[in-house]
Amino acid sequence: MKVKVDADLCIGCGLCTETCPDVFEMDEDQGVAKVKVEEVPEDAQDCVRQAAEDCPGDAIQIEE
Ligand code: F3S
């Protein structure tokens with residue numbers, strides 16, 4: 001699984017970084033979330049799906 005954050009849609013709420021800190025981190029300069037892994041590890045896939053579902057900006061895009 002791969003995942004992307006659309007910086008134009010992200011409102012910087014930080015929820016994804018709390019839900020799934022191994023995959024998302026805040027870009028402090030831009031004020032948006034970014035993905036810090038090339039490929040989502042198996043054990044982080046559930047929290048990535050959860051983060052995508054909960055994201056208020058619909059900014060998290062999963063590529064299976
Ligand atoms: Fe941004 Fe959504 Fe995360 S708005 S900070 S990508 S939960």
Side-chain angles (χ1 to χ4, degrees):
M1 177 201 275
K2 290 184 191 230
V3 65
K4 288 192 299 197
V5 171
D6 186 329
D8 293 333
L9 294 176
C10 175
I11 59 167
C13 71
L15 189 61
C16 55
T17 64
E18 285 170 34
T19 307
C20 210
D22 289 343
V23 175
F24 301 101
E25 66 186 355
M26 292 309 288
D27 184 323
E28 301 297 343
D29 292 340
Q30 310 289 331
V32 297
K34 61 182 181 184
V35 176
K36 56 184 188 179
V37 294
E38 188 65 35
E39 190 77 33
V40 177
E42 195 92 12
D43 62 359
Q45 295 189 355
D46 283 350
C47 74
V48 167
R49 288 196 184 91
Q50 188 66 49
E53 209 170 287
D54 294 345
C55 172
D58 271 338
I60 299 173
Q61 291 152 6
I62 293 172
E63 295 166 17
E64 299 284 352

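Between the CG atom in Asp27 and the NZ atom in Lys34 there is a gap of 4.5 Å [rounded to 0.5 Å]. Expressed to the nearest 0.5 Å, how far CG of Asp54 lies from SG of Cys13 amounts to 9.5 Å. Between Gln45 atom CD and Glu64 atom CD the span is 7.0 Å, to the nearest 0.5 Å. Atom CD of Glu53 sits about 10.5 Å away from atom CG of Asp58, to the nearest 0.5 Å.
Considering all non-hydrogen atoms of both residues, Cys55 and Ile60 come closest at CB-CD1, 3.9 Å. The heavy-atom pair separating Ala59 from Leu9 by the smallest distance is CB-CB, 3.7 Å. Between Ala33 and Cys16, the shortest heavy-atom distance links the atoms CB-SG, 3.6 Å. Minimum heavy-atom separation, Ile11 to Pro56: CD1-CG, 3.9 Å. Nearest heavy-atom pair, Met1 versus Glu39, reported as atom, atom and distance to 0.1 Å: N-OE2, 2.9 Å. In this structure, Ala51 and Thr19 approach most closely via the heavy-atom pair N-CG2, 4.1 Å.
In this structure, Val23 is a member of the same hydrophobic cluster as Val5, with clusters built from ILVMFWY side-chain heavy atoms closer than 4.5 Å. In the hydrophobic cluster analysis, where Ile, Leu, Val, Met, Phe, Trp and Tyr join through side-chain heavy atoms closer than 4.5 angstrom, Val48 is grouped together with Val35.
Counted within 6.0 Å of CG on Asp46, heavy atoms from surrounding residues, nucleotides or ligands total 12 or fewer; the atom is thus considered open.
The shortest side-chain heavy-atom distance between Lys4 and Asp6 does not fall under the 4.5 Å cut-off.
For the pair Lys36 (side chain) and Pro21 (backbone), a donor-acceptor distance under 3.5 Å is present.
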